[in-house]
Protein chains: 2
Amino acid sequence: MCSRTNRSSRTGRPRSTEADTAILEATRAALVELGWSKLTMGDVAGRAGVAKTTLYRRWANKSELVVDAVAVLFDELELPDLGSLQADIENVVLQFAALLERPETKTALMAVVAESTRDEPLRERIRASIVDRQKRLVLEGRMRAQRRGELPADRDPVAVDATDDLIFDVIAGAVVHRALVSAEPVDEPWVARLSALLVGGLGAASAAGG
Amino acid sequence: MCSRTNRSSRTGRPRSTEADTAILEATRAALVELGWSKLTMGDVAGRAGVAKTTLYRRWANKSELVVDAVAVLFDELELPDLGSLQADIENVVLQFAALLERPETKTALMAVVAESTRDEPLRERIRASIVDRQKRLVLEGRMRAQRRGELPADRDPVAVDATDDLIFDVIAGAVVHRALVSAEPVDEPWVARLSALLVGGLGAASAAGG
DNA sequence: GAGTTACGCTACGACCTGTAGCGAAAGGCA
DNA sequence: TGCCTTTCGCTACAGGTCGTAGCGTAACTC
């Protein structure tokens with residue numbers, strides 16, 4: 001009854017960590033060259049120098065593999081304190097935009113999200129390894145702005161959570177939509193406008209007592 | 001040299017319009033039952049009661065077919081004058097959210113956009129038949145708000161275009177992200193928050209002379 | 001009627017999926 | 001050292017999809 005999802009099953013030959021990294025690296029390379037739809041498990045196995053069966057021992061299908069391959073790229077996102085809420089927003093938005101410009105993420109992100117609408121485990125995997133990682137930045141940025149006095153201190157914790165969620169969907173959604181649907185550049189002028197809109201909107205809301 | 005993209009080639013047997021509608025209807029039904037990734041051309045042909053070759057005479061691949069099948073649903077979007085910018089926004093956002101809740105669009109939209117990152121003709125098809133159709137609503141809503149005096153009259157036309165683009169990406173992006181990535185309901189409370197944020201942000205920007 | 005195009009049908013090669021079975025390799029444990 | 005367990009690479013495979021070609025027939029124009 002030893003579940004193979006246990007970390008490091010205590011007996012038997014251990015999984016090759018070199019194979020793990022080789023496969024994920026090969027997946028990113030295949031995404032760049034072929035894109036999501038033409039990427040195949042056999043191709044990735046060949047690039048990684050492992051057998052196809054080795055892939056299927058680790059990932060149930062292409063979507064889960066690609067999520068893991070792309071997730072690590074989101075570790076690069078950072079939120080240095082630039083002194084003002086607007087500057088912090090502009091900085092992280094530009095980082096996020098640079099990430100979306102990379103061919104690996106460009107072709108993969110929307111595809112796995114599309115897949116996740118009919119695949120609950122996949123949705124959970126995306127949430128845990130990509131979405132939550134971004135959401136923490138919103139939390140951090142909001143608290144920092146409160147410390148600076150740019151935003152009022154918490155009163156109703158439920159409302160605060162809702163605002164965090166809203167800001168997250170607005171920022172991430174707008175950037176993704178601009179980059180992938182409108183297919184126009186997420187450059188400084190646009191980011192400045194977006195940040196101004198957000199800061200202004202948050203200020204107006206708190207001034208109105210929301 | 002008669003291009004088959006000409007509308008109604010003057011000679012020969014004409015394309016069956018019944019086949020057209022049957023195929024698009026079958027495509028939507030297949031999207032509901034199977035979702036994007038399990039939808040196949042052969043299955044759609046079977047549902048529509050036509051030969052597979054008939055599909056390939058009209059659409060080069062699955063993506064183009066699905067775009068056409070889903071595009072008509074976006075004709076339902078309307079922008080009745082509800083008296084205020086915020087009310088207009090809330091109304092159209094709720095309509096858009098209802099559209100995204102439908103299983104056909106939910107599974108198809110992100111998938112074709114993902115595909116379009118490596119397929120320029122497909123991107124153009126999406127833009128022409130889906131994106132521009134939504135964008136017109138932003139234009140209409142902004143002009144209406146100007147007529148009401150809620151927003152200042154145009155000064156710099158370039159800045160106005162940029163603001164329209166921004167608003168469009170923010171609204172559409174936020175709703176899509178909320179519905180498909182965060183996978184949480186786009187309900188009245190959330191929409192009210194979003195609209196308030198936007199109206200407040202636009203007001204602050206124009207008050208600041210932007 | 002002659003010419004042209006769309007239609008349904010069948011068949012097909014190429015490709016991808018996901019699994020099964022094999023012997024060998026690499027660990028833990030007594 | 002020997003036994004047990006699991007992973008490894010490899011091969012093979014059934015099942016399914018793609019997109020096209022070829023055929024005879026149907027429908028419409030001039």
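What you see is a predicted model, and the numbers here were worked out from it, not measured in a lab. Below, chain A is the first sequence line, B the second, and so on; all start at residue 1.
D/dG19 atom P lies 10 Å from atom NZ of B/K62, rounded to whole Å. Between the C1' atom of C/dC7 and the CD atom of B/E18 lies a distance of 13 Å, rounded to the nearest Å. If you measure from atom CG of A/N61 to atom P of C/dG18, you get 6 Å, rounded to the nearest angstrom. In this entry the distance linking CG of A/L55 with C1' of C/dC16 reads 14 Å, nearest Å. Rounded to an integer number of Å, the gap from OH of A/Y56 to P of D/dC8 is 16 Å. Remark: C1' of C/dA6 and CZ of B/R58 are 8 Å apart, rounded to the nearest angstrom. If you take CH2 of A/W59 and C1' of C/dT19, they are 18 Å apart, rounded to a whole angstrom. For B/M41 and D/dG19, the CE to P distance is 7 Å, given to the nearest whole Å.
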Subject >> salt bridge (Lys or Arg N to Asp or Glu O under 4.0 Å) assessment of A/D20 paired with A/R58 >> reply: CA-CA 9 Å; A/D20 281 322; A/R58 292 162 160 78; 2.6 Å; yes

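Closest to the side chain of B/V50, from the set D/dC10, C/dG8, C/dT4, is C/dG8. The side chain of A/R15 lies closest to D/dC8, out of C/dC7, C/dG3, D/dC8.
No more than 12 heavy atoms of other residues, nucleotides or ligands sit less than 6.0 Å from atom CD of A/E25. In the displayed structure, A/E140 atom CD is contacted under 6.0 Å by more than 12 heavy atoms of other residues, nucleotides or ligands. Counted within 6.0 Å of CD on A/E184, heavy atoms from surrounding residues, nucleotides or ligands total more than 12; the atom is thus considered enclosed.
The base of C/dC9 lies close enough to the side chain of B/T53 for a donor and an acceptor atom to sit less than 3.5 Å apart. Between the base of D/dG9 and the side chain of A/K52 there is no donor-acceptor pair shorter than 3.5 Å. For D/dT7, its base sits under 3.5 Å from the side chain of A/R13 at one donor and acceptor pair at least.
Partner A/L24 forms a side-chain contact (heavy atoms from CB on, under 4.5 Å) with one of A/V70, A/V66, A/L65 and no other, that one being A/L65.
Remark: A/R57 is in phosphate contact with D/dC8, judged by side-chain N or O atoms under 4.0 Å from OP1 or OP2. Listed pair A/T54 / D/dG9 meets the phosphate criterion, a side-chain N or O lying under 4.0 Å from OP1 or OP2.
Across the interface with DNA chain D, nearest-nucleotide mapping of B/G42 and B/P14 shows B/G42 to be the residue nearer the 5′ end. When each of B/S16 and A/D43 is assigned the nucleotide of DNA chain C with its nearest heavy atom, B/S16 is the one assigned upstream, toward the 5' end.
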